[in-house]
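A quick write-up on the structure given underneath.
As the structure lists them, so they are numbered: ligands from 1, and atoms in each ligand from 1. This one's a predicted model, so the numbers in the text were calculated from it and none came from an experiment. In what follows, every heavy atom counts, from backbone to side chain, and hydrogens, waters and symmetry copies are set aside.
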Amino acid sequence: MRRKQFKSESKKLMDMMINSIYTHKEIFLRELISNASDALDKLYFKSLTDNNVGIAAEDFEIRIELDKENRTLKIIDNGCGMTEDELDSNLGTIAKSGSFNFKQENEKTENVDIIGQFGVGFYSAFMVSDVVTVESRAYGSDEAFCWKSEGADGYTIEPCTKNDVGTVITLHIKENTEDERYDEFLDQYRISALVKKYSDYIRHPIKMEFTTKEPVETEEGKEPEYRDVTELRTLNSMVPLWKKSKTELKDEDYNNFYKEKFYDYNDPARVIHYKTEGQATYNALLYIPKKPPFDYYTKEFEKGLQLYSKGVLIMEKCPDLLPDYFSFVKGLVDSEDLSLNISREMLQHDGQLKLIAKTLEKKIKGELEKMLSGDREAYEEFFKAFGIQLKFGIYNDYGMHKDTLKDLLIFRSSAEKKFVTLKEYTDRCPEAQESIFYACGESDERIEMLPQTDAVKEKGYEILYLTENVDEFALKMLAEYAGKKFVNICDDSLNLDSDDEKKALETENEASKDMLAAMKESIGEKISAVRFTNKLKKHPVCITSEGGISLEMEKTLNSMPGASENRVKAQLVLEINASHPIAEKLKKLYREDKDTLAKYAKLLYGEACLIGGTAVDDPVEHSNLVCELMTK
Ligand code: ADP
């Protein structure tokens, strides 16, 4: 027999368990029962298509046996069992390594109570026991094996005898210490209360022999006598949490269930629990998390809800139940209508499932709307975490879902530097205002520095601040809201002038046509034209874009993978403030000193780039020109 070592991560977790000063050591029972229940589900599931299993549905059970004298607690199941290899790989390593990494990170930074927050699985047994043995016989095998460990030193696996398929876990309970009373885990009342507290909803019976004293009839006048009566009791009610009625459940019940089942460390932001009958009969328990899981914005993340059919888990993550834009939702659906042994491929085309998905989407949307109107602060927190996902939802699939999502968007704006919905914006803007104005930039501060911002604000218009790459793409996909078009204030189509002002500007541009062409010539291909404008107040110059692709979009599109061969170019125009003193100066130079005019053109272009939040193409040339000017 060879002693094997735990994998290093597991060893760390083991050490933590063994030396834990965690006060809720009792959760070990919940963990082991949950594993046993999973094992029963697996074999039950098999029995639906395999007649050889030979166990009737009602005979699947979990047993608990207590032995005070020998200080042992056994958890016995007649589930799928484990082969020798499975004992080695399942109990020698941690399955949920992703959440373990996350736990460690949190532990360092916040010193959180990770054991209670997450299920830590099988290893939690070591919080209360000094020896753990697992005897198991896998379904389909006639050999049984015994896994045994006394802690972090490692474990052994050797053959043993076991007549039935399933698993027996034997915990040798630690001796009491000065601070800890481990005896409680050998007490039938305590164990039965723990099962009720943590495992009541497990759908298989958890049975235990219960011994009570019964009075024996004695002759009158004699001391009363009692005898022990032992009966097998089922400790749990077997109703899954989601099948209970809302009134029976407290926030705490929902939250504990969520954290344990979906490996989150925070309470959820919202819980949606409902039951429908009619076209589709199902229970749904959905959660909107507060924070994205660590892998949410990576390719590794898989969306989906747990799918149960009549209380039996048939799929761990059913992606077809959630649209991508609500992929952050966690939870489960338990349907009466789905066949238990439906295959993954068939599920995708199942009309019933589609119907369920549709109603789920409505419920989720409804809950978000409720949050938006009823608890703005919570919604803003939610939006910071998942708003990007909603915006991608608008943009993706050629805008197919834009109407579903548009009223869930919020943007900060120039009005109060607070978040505003599109409806709020259009409700409070002057009726004659035809457009919804927005500006793009790295941050609110950057946007406020844009030369165009002042002019739009001065006219009394509110500007939405777009600081996320996807923002403008989403708005372009929406195109309009409540009949008002979205207009980037840096776009040349921005036109706040009256007809007279427009005329005057046209004349001005016409008169200086040659000068403007000469300036464009010296700046080169980077821009398509130079023009005078009325839209700038204090600033001398700005860059605007023509033809629908803004500078921000150019930046985003060109930073995408594969963009190098196919670079997008925004059509840029250098605009000069017609009422700024620089305008006169330029005209003078055009008459007297065309060389200097060429340099000024380059300089002004550089200035406009800097103000607009992009780099100068040629910083050396730019600074040389500035110095030349300074030394004149
Ligand atoms: P988790 O349950 O989250 O996967 P655990 O550490 O609790 O992590 O268990 C590891 C694995 O060991 C389980 O995934 C399961 O495959 C196996 N296992 C544990 N207990 C049993 C059991 N009673 N019967 C069959 N397999 C089990």
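Remark: distances from the non-hydrogen atoms of Met82 to ligand 1 include one below 4.0 Å.
Residue-to-ligand polar distances place Asp77 within reach of ligand 1: an N/O pair is separated by less than 3.5 Å. Residue Phe122 has at least one N or O atom closer than 3.5 Å to an N or O atom of ligand 1.
Under 4.0 angstrom from ligand 1, the non-hydrogen atoms of Asn90 come from both its backbone and its side chain. Residue Ile75 does not touch ligand 1, judged by heavy-atom distances below 4.0 Å.
If you check each of Ile169, Leu43, Asp38, Asn35 against atom 20 (N) of ligand 1, the one with the closest non-hydrogen atom is Asn35.
Between Glu369 and Lys365 a salt bridge is recorded (basic side-chain N to carboxylate O distance below 4.0 Å).
Sequence neighbours left out, the pairs with a member in residues 148-178 that pass ring-ring contact (aromatic ring centres under 6.0 Å, His included) are Phe6-Tyr155, Trp147-Tyr155. Identified under the salt bridge (charged side-chain N to carboxylate O under 4.0 Å, His left out) test for residues 286-306, with sequence neighbours left out: Lys303-Asp324.
Side-chain contact check for Tyr282 and Thr359: at least one donor-acceptor pair (N or O, by modelled atom type) lies under 3.5 Å.
The number of heavy-atom neighbours closer than 6.0 Å to CZ of Phe392, taken from other residues, nucleotides and ligands shown, is 12 or below.
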